[in-house]
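Inspection log for the structure reproduced underneath, given as structure tokens.
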Amino acid sequence: MDRLNETFAALADPTRRAIVMRLASGEATVNELAAPFDISLPAISRHLKVLESAGLIARGRSGQLRPCKIEAGPLKEIADWVERYRGFWDQSFDRLDTFLSNLKGNDDANTQS
């Protein structure tokens, strides 16, 4: 599986997305990451392994703690991939805006008759 697919697959789970969002604000231990979830520590560890395998997080070592931190590379790859489609979406929204404006103009004309 290529890296982009692996990144999307890892982020497909809402718990893993929440973990990544939490790590965006700074390093955290497994216990800190597990706190908001009603799942076991082994389940959180499995989620962390998926994120680590996808390159989205790294685990350090500080004494007995293994703090996790976010890795920006895979997220940048997603942002770059999405950016390629920005022009398409901008054009689509512009056409929709024009269409809705024309509809509104027709409604205004019909109510004045």
Side-chain angles (χ1 to χ4, degrees):
M1 182 167 18
D2 74 15
R3 185 167 164 156
L4 191 60
N5 286 344
E6 193 171 0
T7 302
F8 276 119
L11 293 173
D13 183 274
T15 300
R16 291 193 288 266
R17 286 193 308 271
I19 290 170
V20 170
M21 287 174 53
R22 164 55 186 86
L23 290 174
S25 65
E27 289 186 1
T29 65
V30 174
N31 285 336
E32 291 169 336
L33 293 171
F37 302 104
D38 191 25
I39 58 177
S40 67
L41 280 176
I44 289 293
S45 290
R46 286 190 296 273
H47 283 298
L48 293 175
K49 285 180 185 173
V50 170
L51 292 170
E52 192 172 23
S53 174
L56 288 160
I57 68 165
R59 294 197 224 190
R61 185 167 294 275
S62 176
Q64 297 224 345
L65 300 177
R66 293 202 61 206
C68 299
K69 68 176 184 172
I70 196 167
E71 292 290 328
L75 295 173
K76 177 156 179 11
E77 288 176 17
I78 287 176
D80 292 345
W81 184 83
V82 169
E83 184 63 30
R84 285 185 247 160
Y85 298 96
R86 180 183 298 277
F88 167 76
W89 288 110
D90 287 344
Q91 290 173 359
S92 296
F93 287 131
D94 289 345
R95 286 193 307 271
L96 179 60
D97 190 39
T98 300
F99 176 75
L100 293 174
S101 293
N102 289 340
L103 276 179
K104 185 177 182 329
N106 288 339
D107 283 348
D108 290 346
N110 288 336
T111 56
Q112 292 176 359
S113 306

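Side chains are part of it too, since the values below use all heavy atoms of this structure and drop only hydrogens, waters and symmetry mates.
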| query | Do the side chains of Trp89 and Leu96 join up, straight or via other hydrophobic residues, at under 4.5 Å, putting them in one cluster? | reply | no
| note | Minimal heavy-atom distance between Ala58 and Glu71, with the atoms involved, is CB-OE2, 3.1 Å
| said: Count I, L, V, M, F, W, Y as connected when their side-chain heavy atoms are under 4.5 Å apart, and connections chain through other members. Are Phe93 and Phe88 then in the same cluster? | reply: yes
| Atom OG1 of Thr7 and atom NZ of Lys76: how far apart are they, to the nearest 0.5 Å? | 13.5 Å
| said: Quick check for you: to the nearest 0.5 Å, what is the distance between Arg95 atom CZ and Asp90 atom CG? | reply: 11.0 Å
| So, for Glu27 and Arg22, which heavy atoms are closest and what is the spacing to 0.1 Å? | O-NH2, 3.6 Å
| query | Which pairs pass ring pair (Phe, Tyr, Trp, His ring centres under 6.0 Å) with one or both residues in residues 2-38, sequence neighbours excluded? | reply | Phe8-Trp81
| query | Once you round to the nearest 0.5 Å, how far does CD1 of Ile44 lie from CD1 of Ile39? | reply | 3.5 Å
| said: Is there a side-chain contact between Leu33 and Leu23 in this structure, where contact means two heavy atoms from C-beta onward sitting under 4.5 Å apart? | reply: yes
| query | Ser45: what forms a side chain to side chain contact (heavy atoms under 4.5 Å, CB included) with it, not counting sequence neighbours? | reply | Val30
Please tabulate, for the side chains in residues 9-20, all donor-acceptor contacts under 3.5 angstrom to protein atoms that are two or more places apart in sequence or on a different chain.
from	atom 1	to	atom 2	distance (Å)
Asp13	OD1	Thr15	N	2.8
Asp13	OD1	Arg16	N	3.1
Arg16	NE	Ala10	O	2.7
Arg16	NH1	His47	ND1	3.1
Arg17	NH1	Leu11	O	2.9
Arg17	NH1	Ala12	O	3.0

| Are Ile78 and Val50 grouped together when hydrophobic residues (ILVMFWY) are joined by side-chain heavy atoms under 4.5 angstrom apart? | no
| message | Nearest 0.5 Å, please: how far is CG in Leu41 from CZ in Arg46? | response | 10.5 Å
| query | Atom SG in Cys68, atom CD in Glu52: separation rounded to 0.5 Å? | reply | 7.5 Å
| task | Starting at NZ of Lys49, measure out to CD1 of Ile57 and round the result to the nearest 0.5 Å. | result | 11.5 Å
| So does Arg3 pair up with Glu6, basic N to acidic O under 4.0 Å? | no
| With the threshold set at 4.0 Å, does a side-chain nitrogen-carboxylate oxygen contact exist between Asp80 and Arg84? | no
